[in-house]
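Read the numbers this way: they start at 1 and go in the same order the structure lists the ligands and their atoms.
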Amino acid sequence: MSWRKSLKGRISLNEPLSKHTAFKIGGPAEFFIEPEGPGDIKTLLRISKKKRLPFFIIGAGSNLLVSDKGIKGMVVRLSAPYFRKLSRENESVYAASGIMLNKLLAFAKERGLSGAEFLAGIPGTVGGALAMNAGVTRPAARSIGDLVKEVKVMDREGNIKALKKKDIKFGYRESSLSEYLILSSVLILKKQDKRKIEEKMRSYLERRKSTQELMKPSAGCIFKNPRSGSAGRLIDLCGMKGKRAGGAQVSRKHANFILNSGRAKAKDVLKLMDSIIEKVEAEFNIHLEPEIKIWR
Ligand code: EPU
């Protein structure tokens, strides 16, 4: 296909998305593309419109369920060096969107910059974390939006804009950035003693390890917490820990985690999600909303 020649980045055909999701689930992407820079993305957007090929951006795939049939169209991953730049100026850190959060944290810790420790152990890229305003609820609610000074984005027409914090809406596990392609961000941190930063990171990691199931593939919390409390607690109270559908299983450690306990299909996870929604609705009259993104 001729349009592929106009790109500098890498393209694979029928790439299994199970290789690119934390769940280890998902059929093939018709075109799996790793553009070299924003110019390539602009070209891809133009082609996707012209050829009517759906366009998806994948981060670390940590909060994503992809259908077993796979994806017709383009799945784009920002993994080229351009999208993995990290630098600092005083207390500001420039983080491109393809950087993994653990790299960002290691970079900040090394330079004695504090403020992002609560992100420790959250799997994902900076871009994915910004799009869904990733964060924690305990011991206090913190999310990546709290750190933002500015975010550089591309709109669906290929125009690049620098959005100031006041131009961005950050909500609970959502942000107005998700309508754009996120290119990079400037985050504001604060100078602090390295050892203190390390301690804080360790305590966030330990809390996560003691309450969450991290050994089997999952997508983290499946449902958003409803206003009135914790989704995990409600699912637990319905007696659903350990419940299975095919290869998918509700974690026995944290009921808001669904695990791929071996060869799970997206349809197994969806079936389990439906039965959780039904049970919690019947028992508590609360409708759980998925936190994960679902590509069908
Ligand atoms: N609980 C149960 N049973 C369970 C799970 C939890 O009774 O199976 C109880 C716990 O004992 C606790 C309460 O529910 O009293 C809340 O649980 P937890 O502290 O684990 O927090 P959470 O509200 O379930 C949220 C975020 C997590 C984040 C943690 C820690 C959401 C949906 N979840 O979980 O984020 O790591 O707080 O800050 O906002 C994610 O977004 O993917 C995620 C895992």
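For the pair Tyr172 and ligand 1, a heavy-atom separation below 4.0 Å is found.
Taking only nitrogen or oxygen atoms, main chain and side chain alike, His254 reaches within less than 3.5 Å of ligand 1. Close N/O approach between Thr211 and ligand 1 is not found [any backbone or side-chain N/O within under 3.5 Å]. Considering backbone and side-chain atoms alike, Arg138 places an N or O below 3.5 Å from some N or O of ligand 1. On a distance-only criterion, Ser230 and ligand 1 share at least one N/O pair closer than 3.5 Å. Of the N or O atoms in Phe257, none lie within a sub-3.5 Å distance of an N or O in ligand 1.
For the pair Arg84 and Tyr82, the NZ or CZ position fails the cation-pi test of under 6.0 Å to the six-membered ring centre and within 45 degrees of the ring normal.
With a 4.0 Å cut-off on non-hydrogen atoms, Asn225 touches ligand 1 through its backbone as well as its side chain. When heavy-atom distances to ligand 1 are checked against a 4.0 Å cut-off, Arg207 has no atom that comes that close, whether in backbone or side chain.
Residue Val136 approaches ligand 1 through these ligand atoms, each under 4.0 Å from one of its heavy atoms: 38 (O). Heavy-atom contacts of Ala255 reach the following atoms of ligand 1: 4 (C), 8 (O) (cutoff under 4.0 Å). For ligand 1, the atoms sitting less than 4.0 Å from at least one non-hydrogen atom of Lys241 are 8 (O), numbered in the order shown with element in parentheses. Counting atoms of ligand 1 from 1 in the listed order, those under 4.0 Å from a heavy atom of Phe223 are 32 (C). Under a 4.0 Å criterion applied to the non-hydrogen atoms of Arg208, ligand 1 contributes the atoms 36 (O).
Closest to atom 43 (C) of ligand 1 among all protein heavy atoms lies Cys221 SG, 3.1 Å. Scanning the protein for heavy atoms near atom 3 (N) of ligand 1, the closest one is Asp236 OD2, 2.8 Å. The protein heavy atom nearest to atom 15 (O) of ligand 1 is Arg233 CD, 4.8 Å. Ranking protein heavy atoms by distance to atom 28 (C) of ligand 1, first place goes to Gln212 NE2, 3.8 Å. Nearest protein heavy-atom contact of atom 26 (C) of ligand 1 is Arg173 NH2, 3.8 Å. When hydrogens are left out, the protein atom nearest atom 25 (C) of ligand 1 is Thr137 OG1, 3.1 Å; that is the closest non-hydrogen contact.
A donor-acceptor pair is defined here as one N or O able to donate and one able to accept, closer than 3.5 Å; such a pair exists between the side chain of Arg111 and the backbone of Phe107. Under the 3.5 Å distance criterion, the side-chain polar atoms of Lys165 are matched with a main-chain donor or acceptor of Asp146. Put simply, the side chain of Asp68 never gets that close to the backbone of Lys265: no donor and acceptor are under 3.5 Å apart.
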Next item on the list: Take Phe118 and Leu147 through the test side-chain contact (heavy atoms from CB on, under 4.5 Å) and record every step on the way to the result.
Entry: CA-CA 11 Å; Phe118 66 87; Leu147 309 173; 4.2 Å; yes
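Under the 4.0 angstrom criterion, atom 36 (O) of ligand 1 counts as having a protein heavy-atom contact. When distances from atom 20 (O) of ligand 1 to the protein are checked, a heavy atom turns up under 4.0 Å. The nearest protein heavy atom to atom 10 (C) of ligand 1 is not closer than 4.0 Å.
Looking at Lys216 and Phe257, their side chains never come closer than 4.5 Å, going by heavy atoms from C-beta outward. Side-chain contact between Phe55 and Ile41 is present, with at least one heavy-atom pair separated by less than 4.5 Å.
A tilted orientation is assigned to the rings of Trp295 and Phe56, their planes being inclined by 30° to 60°.
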